[in-house]
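First comes the structure, then the notes that go with it.
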Amino acid sequence: MPELPEVEATRRSFADAIAGARILSVSLGKPLRWPLGCAPQDLVGRRVLQVRRRGKYLLLELSQGLLLLHLGMSGSLRFAPQAPGLPAAGAHEHFDLVTSQGTLRLHDPRRFGAVVAVSGEDDPRARKLLDGLGMEPLDPASFTWARFAAGLQARRAPIKTVLLAGKLVVGVGNIYASEVLFLSRIHPATPACDISTVKARRLFTAIGQVMAQAVELGGTTLRDFSNALGVNGHFQHTAQVYGRAGQACHACSQPIQLLRQGQRSSYYCPRCQKTP
DNA sequence: CATGTTACCTGGTCGC
DNA sequence: TGCGACCAGGTAACAT
């Protein structure tokens, strides 16, 4: 479910409301992808200072240590301001952070998500997850044309794979990868190093613009994504190719093609997106 | 080292 | 209505 825009839309939806809150209790459901790494009671009494994001991870900065939160494939958060606010945890709700300002709850049917408590960003467990992440596409100081162009030059894997890997740029998942490649008119199977300078430049621009626009629209709600306040995203109405196999390209009316790369599907227009 | 494949887990959808 | 096959927004660990 959640690519960078969904994670960022989620962050924005509860960050201010939870800032300064004291942790009153923590409860866990079924195991997530990784163990929390400490006893839930150990978190009680700490304060949530702020909520940041790195790639698809949310970083809850505590008065002591850090909580790393990943939504995996099917995760979503809900923040209920007042005291009772939320009903008892359901079958797919595996983490509750009860604070003096409301409860933050993780809903994640497939449990590919995780909540990990670490001492800080230098903690080995944090470094294992965060080191090696690519540039932040919403941060101009991080996401530069020079670094992007050099990164493409250095890889011969298909551009779709390079984008999904997140080592060059973070946050571009399966939906947005198809979208940005369509906007820059690049075939998803093109080896990254073979992309012309003109198209690479268009891709660089498209990534920045699409990510920013998708955040503004609250992300993409295909099935059940909503932000921490329960509000759905709207980017899906703007999508040009994702999920549109067989339907007419909005630019040239050629049918959109589905391509399998690894176990992931890419959608592209065979006329607009020729190889190099 | 770079790249490709598998595994994790549940639920929805589709064809028979 | 039931059942199996396949698909789904991610990514670490492994194999090549």
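Within every chain, numbering begins at 1; the chains are lettered A, B, ... in the order of the sequence lines, protein sequences first and strands thereafter. Source: prediction; values computed, not measured.
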Q) Paired with dG9(C): which nucleotide, if any, by Watson-Crick or G-U wobble criteria at under 3.5 Å for both distances? A) none
Q: Take atom CG of Leu168(A) and atom C1' of dA2(B), then tell me their distance rounded to the nearest Å.
A: 14 Å
Q | Spacing of the P atoms in dG11(B) and dA12(C) (rounded, Å) | A | 25 Å
Q: Check whether any side-chain nitrogen or oxygen of Lys128(A) sits under 4.0 Å from OP1 or OP2 of dA12(C), and answer yes or no.
A: no
Q.
At 4.0 Å (heavy atoms only), tell me whether Arg260(A) reaches a base, stays on the sugar-phosphate, or touches nothing.
A. sugar-phosphate
Q. What nucleotide, of dG9(C), dT10(B), dG4(B), holds the atom closest to the side chain of Ala157(A)?
A. dG4(B)
(Q) Can you tell whether the side chains of Glu93(A) and Arg78(A) come within less than 4.0 Å, N to carboxylate O? (A) no
(Q) Can you tell whether the side chains of Arg46(A) and Glu61(A) come within less than 4.0 Å, N to carboxylate O? (A) no
(Q) What is the separation between atom CG on Leu130(A) and atom C1' on dG10(C), rounded to the nearest whole Å? (A) 15 Å
(Q) Would you say the rings of Phe143(A) and Phe204(A) are close, in the sense that their centroids are separated by under 6.0 Å? (A) yes
Q. Phosphate oxygens OP1/OP2 of dT11(C): is one of them under 4.0 Å from a side-chain N or O of Arg264(A)?
A. no
Q) Side chains of Ser266(A) and Gln261(A): is there a donor and an acceptor less than 3.5 Å apart? A) yes
**Q.** Nearest to side-chain heavy atoms of Gln263(A), which nucleotide of dC9(B), dA12(C), dT6(B)
**A.** dT6(B)
(Q) Given dG9(C), dC8(B), dG11(B), identify the nucleotide with an atom nearest to the side chain of His92(A). (A) dG11(B)
Q) Which nucleotide, dG10(C), dT10(B), dG9(C), lies nearest any side-chain atom of Lys56(A)? A) dG10(C)
Q.
Distance check needed: dG9(C) C1' versus Asp108(A) CG, whole Å only.
A. 11 Å
Q. Does the side-chain ring of Phe112(A) lie flat on the base of dG10(C), meaning centres under 5.5 Å and planes less than 30 degrees apart?
A. yes
Q. Between His70(A) and dG10(C), is there a side-chain N or O to OP1/OP2 distance below 4.0 Å?
A. no
Q: For Gly173(A), report the nucleic acid contact type (base, sugar-phosphate, nothing); a contact means any heavy atom under 4.0 Å.
A: sugar-phosphate
Q: Kindly say if Arg111(A) contacts the phosphate of dT10(B), meaning a side-chain N or O under 4.0 Å from OP1 or OP2.
A: yes
Q: With DNA chain C as reference, determine whether Tyr57(A) or Tyr242(A) sits nearer its 5' end, using the nearest nucleotide of each.
A: Tyr242(A)
Q) Reckon Ser74(A) has a side-chain N or O less than 4.0 Å from the OP1 or OP2 of dC9(B)? A) no
Q) With rounding to whole Å, what would you report as the distance between dT5(B) and dC7(C) at their P atoms? A) 16 Å
Q. Taking 4.0 angstrom as the limit, do Arg11(A) and Glu6(A) come out as a salt bridge?
A. no
Q) For His70(A), which of Tyr57(A), Phe112(A), Phe95(A) qualifies under ring pair (Phe, Tyr, Trp, His ring centres under 6.0 Å)? A) Tyr57(A)
Q. For Gln236(A) and dA8(C), what is the distance between atoms CD and P respectively, to the nearest whole Å?
A. 17 Å
Q. With sugar-phosphate meaning primed atoms plus P, OP1 and OP2, does Arg33(A) contact a base, only sugar-phosphate, or nothing at under 4.0 Å between heavy atoms?
A. base
Q. To the nearest Å, how far apart are Leu32(A) CG and dT10(B) P?
A. 11 Å
Q) Between dG10(C) atom P and Arg53(A) atom CZ, what is the distance in whole Å? A) 14 Å
(Q) Could you tell me how far apart Asn232(A) (CG) and dG9(C) (P) are, to the nearest whole angstrom? (A) 18 Å
Q: Assign Arg223(A) to base, sugar-phosphate, or nothing according to its heavy-atom contacts below 4.0 angstrom with the strands shown.
A: base
Q: Using whole Å, report how far CZ of Arg110(A) lies from P of dC8(B).
A: 13 Å
